[in-house]
Enquirer: 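Please read through the structure below; I'll follow up with questions.
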Amino acid sequence: MIKNGLKKIYIALVLLILVSLNIVPAYSAAYFDFYPAKDINNKTITLTGDSYAGYFATFECHKDYNILIYAEAGKSTKENYEIMKTAVGLYPDTIVISVGVNDHNKNETPEGFRERLDEILSLCKRYGKKVILHTYMSYDVQEFADKKHEYDVKDYDEILKDLGKKYSNAFYIDMSDYNNKEFWQNDKIHYNIIFYDELYNRISTALMLF
């Protein structure tokens, strides 16, 4: 019990020091959160991205991984770019990038999406980090029928697949078998716990493979 408490204090102190020394930009602290594993001494992973990362942390905490999260809901990779860069530059050595909906819905170009994530994965390679990516999931585009979508959801997913192949430190998890409204939450944008439980299982398997 004492050891667990000391580890929590250690993590908090490290983050406080990083912010005070401007190693972590002050704004990033607002998006930081810590979700403990069932055993605080277990492996720690970082989640970054948007609300997809947030739901993963919410549904899958108190299991086998401590989760550090750097993400802001409703933001594209362009808007969350600095947060994501901050995340990959810090402890620990495993990064899960979980993004969906926002780049497509905000008509961010696939080229820009590729450029940003390519840079993030390049940084991970430089820092010796393992990176997990997963399918850019579909959603009910009709919910945004008043908005013209210039690109296809699949355009972004193909980029994630390509980057997973490009970098030896990256692993792309195919969740296309769950790309179905059966696994949507009521908002028809996000996915339910069944999806996240399976994503968690596949991430756990991936981490044993590389």
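What's counted below: heavy atoms across the whole structure, side chains too, no hydrogens, waters or symmetry copies.
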Enquirer: Regarding Arg114 and Asp103, does a basic nitrogen lie under 4.0 Å from an acidic carboxylate oxygen?
Expert: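 Looking at Asp103 together with Arg114, the answer is no, because their closest N to O distance does not fall below 4.0 Å.
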
Enquirer: Checking the side chain of Thr48 only, and the main-chain atoms of Tyr70 only, is there a donor and an acceptor separated by less than 3.5 Å?
Expert: yes

Enquirer: Could you tell me the separation between the CG atom of Asp157 and the NE2 atom of His134, rounded to the nearest 0.5 Å?
Expert: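 Nearest 0.5 Å value for the CG-NE2 distance: 10.0 Å.
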
Enquirer: Taking the side chain as everything from C-beta on, heavy atoms only, tell me whether Ile97 gets closer than 4.5 Å to Ile132.
Expert: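 The answer is no, as the side chains (C-beta and beyond) never meet within the 4.5 Å cut-off.
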
Enquirer: Whether Asp64 and Lys43 form a salt bridge (side-chain N of Lys/Arg under 4.0 Å from carboxylate O of Asp/Glu) is what I want to check.
Expert: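 No, Lys43 and Asp64 are not salt-bridged.
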
Enquirer: Do you see a donor-acceptor pair shorter than 3.5 Å between the side chains of Tyr191 and Asn179?
Expert: yes

Enquirer: If we ignore angles and hydrogens, is there a donor and acceptor under 3.5 Å between the side chains of Lys125 and Ser168?
Expert: yes

Enquirer: Which distance, rounded to the nearest 0.5 Å, do you find between the CZ of Phe113 and the CG of Asp118?
Expert: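 Output value for this atom pair is 11.5 Å.
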
Enquirer: Between Asp174 and Lys161, is the closest basic N to carboxylate O distance under 4.0 Å?
Expert: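 A salt bridge is absent here (no side-chain N lies under 4.0 Å from a carboxylate O).
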
Enquirer: Quick check: does any side chain N or O of Lys75 sit under 3.5 Å from a backbone N or O of Ser51, one acting as donor and the other as acceptor?
Expert: no

Enquirer: Quick check: closest heavy atoms across Gly89 and Lys129, and the distance to 0.1 Å?
Expert: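 Result for this residue pair: C-NZ, 4.1 Å.
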
Enquirer: Can we say Glu119 and Arg116 salt-bridge, meaning some charged N sits less than 4.0 Å from an Asp/Glu carboxylate O?
Expert: no

Enquirer: So which atom in Val88 and which in Lys85 form the shortest heavy-atom distance, rounded to 0.1 Å?
Expert: CG2-O, 3.3 Å

Enquirer: Do Glu198 and Arg202 meet the salt-bridge criterion of a basic N to acidic O distance under 4.0 Å?
Expert: yes

Enquirer: Will you find, in the side chains of Tyr172 and Thr135, an N or O donor that is under 3.5 Å from an N or O acceptor?
Expert: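 A pair is found: one side chain offers a donor N or O, the other an acceptor, under 3.5 Å apart.
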
Enquirer: Would you give the length of the straight line joining atom OG of Ser122 to atom NZ of Lys166, rounded to the nearest 0.5 angstrom?
Expert: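 Reported value, rounded in 0.5 Å steps: 7.5 Å.
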
Enquirer: Using salt bridge (Lys or Arg N to Asp or Glu O under 4.0 Å), reason through Lys63 and Asp39 one step at a time and then give a plain yes or no.
Expert: CA-CA 8 Å; Lys63 292 186 177 180; Asp39 182 343; over 6 Å; no

Enquirer: What's the separation between atom OG in Ser204 and atom CD1 in Ile45, rounded to the nearest 0.5 Å?
Expert: 8.0 Å

Enquirer: So which heavy atom on Cys61 is nearest to which on Tyr35, and how close?
Expert: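 Reported closest heavy-atom pair: CB-CB, 3.7 Å.
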
Enquirer: Quick one: do the His104 and Tyr139 side chains pair a donor with an acceptor below 3.5 Å?
Expert: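 A donor-acceptor contact under 3.5 Å links the two side chains.
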
Enquirer: Do Trp184 and Asn192 pass the side chain to side chain contact (heavy atoms under 4.5 Å, CB included) test, and can you show the C-alpha distance, the side-chain angles, and the key distance before you say yes or no?
Expert: CA-CA 6 Å; Trp184 287 351; Asn192 62 25; over 6 Å; no

Enquirer: Checking ring pair (Phe, Tyr, Trp, His ring centres under 6.0 Å) for the pair Tyr136/Tyr156: CA distance, chi angles, key distance, verdict?
Expert: CA-CA 6 Å; Tyr136 196 99; Tyr156 305 91; 5.2 Å; yes

Enquirer: Please determine whether the number of non-hydrogen atoms from other residues, nucleotides or ligands lying under 6.0 Å from atom CG of Asp187 exceeds 12.
Expert: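 Yes, because the 6.0 Å sphere around CG of Asp187 holds more than 12 heavy atoms from other groups.
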
Enquirer: Any donor and acceptor pair, going by atom type alone, linking the side chain of Asp155 with main-chain N or O of Glu158 inside 3.5 Å?
Expert: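 No, the answer is negative, given that no donor and acceptor are paired below the 3.5 Å cut-off.
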
Enquirer: Transitively linked via ILVMFWY side-chain contacts under 4.5 Å: Met208 with Ile203?
Expert: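 No.
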
Enquirer: My understanding is that only residues two or more places apart in sequence, or in another chain, count here; which of them pass ring-ring contact (aromatic ring centres under 6.0 Å, His included) with Tyr167?
Expert: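 So Tyr167 forms no ring-ring contact (aromatic ring centres under 6.0 Å, His included) with any residue.
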
Enquirer: Can you tell if the side chain of Ile67 reaches within under 4.5 Å of the side chain of Phe56, non-hydrogen atoms only?
Expert: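 In contact.
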
Enquirer: Evaluate side chain to side chain contact (heavy atoms under 4.5 Å, CB included) for Asn42 paired with Tyr65, printing each intermediate quantity in order.
Expert: CA-CA 6 Å; Asn42 285 2; Tyr65 303 108; over 6 Å; no

Enquirer: Return the OH to OG1 distance between Tyr200 and Thr205, rounded to the nearest 0.5 Å.
Expert: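 Taking OH in Tyr200 and OG1 in Thr205, the distance rounds to 10.5 Å.
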
Enquirer: Please report the interatomic distance SG(Cys124) to NZ(Lys130), rounded to the nearest 0.5 Å.
Expert: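 So the SG of Cys124 and the NZ of Lys130 are separated by 13.0 Å.
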
Enquirer: Identify, with sequence neighbours excluded, every residue that meets ring-ring contact (aromatic ring centres under 6.0 Å, His included) alongside Tyr196.
Expert: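 For Tyr196 the ring-ring contact (aromatic ring centres under 6.0 Å, His included) partners, ignoring immediate neighbours, are Phe59.
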
Enquirer: Crowded around Lys106 NZ? As in, over 12 foreign heavy atoms under 6.0 Å?
Expert: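 Yes, NZ of Lys106 has more than 12 neighbouring heavy atoms, counting only those of other groups under 6.0 Å.
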
Enquirer: Quick one: are Thr44 and Tyr91 in side-chain contact, heavy atoms under 4.5 Å?
Expert: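 They are in contact (side-chain heavy atoms under 4.5 Å apart), so the answer is yes.
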
Enquirer: Heavy atoms, side chains only, cut-off 4.5 Å: are Tyr55 and Ile193 in contact?
Expert: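 The answer is no; the side chains never approach within 4.5 Å.
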
Enquirer: Before giving the answer on side chain to side chain contact (heavy atoms under 4.5 Å, CB included), spell out for Lys147 and Val141 the whole-Å C-alpha distance, their side-chain angles and the decisive distance to 0.1 Å.
Expert: CA-CA 9 Å; Lys147 185 172 189 175; Val141 178; over 6 Å; no

Enquirer: State, without any angle test, whether Asn105 and His149 hold a side-chain donor-acceptor pair at a distance under 3.5 Å.
Expert: yes

Enquirer: Using every non-hydrogen atom in the two residues, find where Tyr52 and Val101 come nearest and quote the distance to one decimal.
Expert: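 Heavy-atom minimum between the residues: OH-CG2, 3.6 Å.
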
Enquirer: Do the non-hydrogen side-chain atoms of Val96 and Thr46 ever get within less than 4.5 Å of each other?
Expert: no

Enquirer: Looking at Asp197, Leu199, Asn201, Leu47, which one forms a side-chain contact (heavy atoms from CB on, under 4.5 Å) with Glu60?
Expert: Asp197

Enquirer: Of the non-hydrogen atoms in Leu121 and Asn169, which two are nearest, and what is the gap between them?
Expert: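 It is O-ND2, 4.0 Å.
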
Enquirer: Would you say Lys188's side chain and Lys181's backbone share a donor-acceptor pair under 3.5 angstrom?
Expert: no

Enquirer: Let's go through Phe171 and Leu133 carefully: what are the C-alpha distance in whole Å and the side-chain angles of both, what is the deciding distance for side chain to side chain contact (heavy atoms under 4.5 Å, CB included) to 0.1 Å, and is it a yes or a no?
Expert: CA-CA 6 Å; Phe171 193 101; Leu133 308 164; over 6 Å; no

Enquirer: Taking Ile40's backbone N and O only, do any of them form a donor-acceptor pair with Asn66's side chain (distance below 3.5 Å, no angle check)?
Expert: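 Confirmed, Asn66 side chain pairs with Ile40 backbone.
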
Enquirer: What heavy-atom pair brings Val99 and Gly49 nearest, and what distance separates the two atoms?
Expert: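 Closest pair (atom of Val99, atom of Gly49, distance): CG1-CA, 3.7 Å.
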
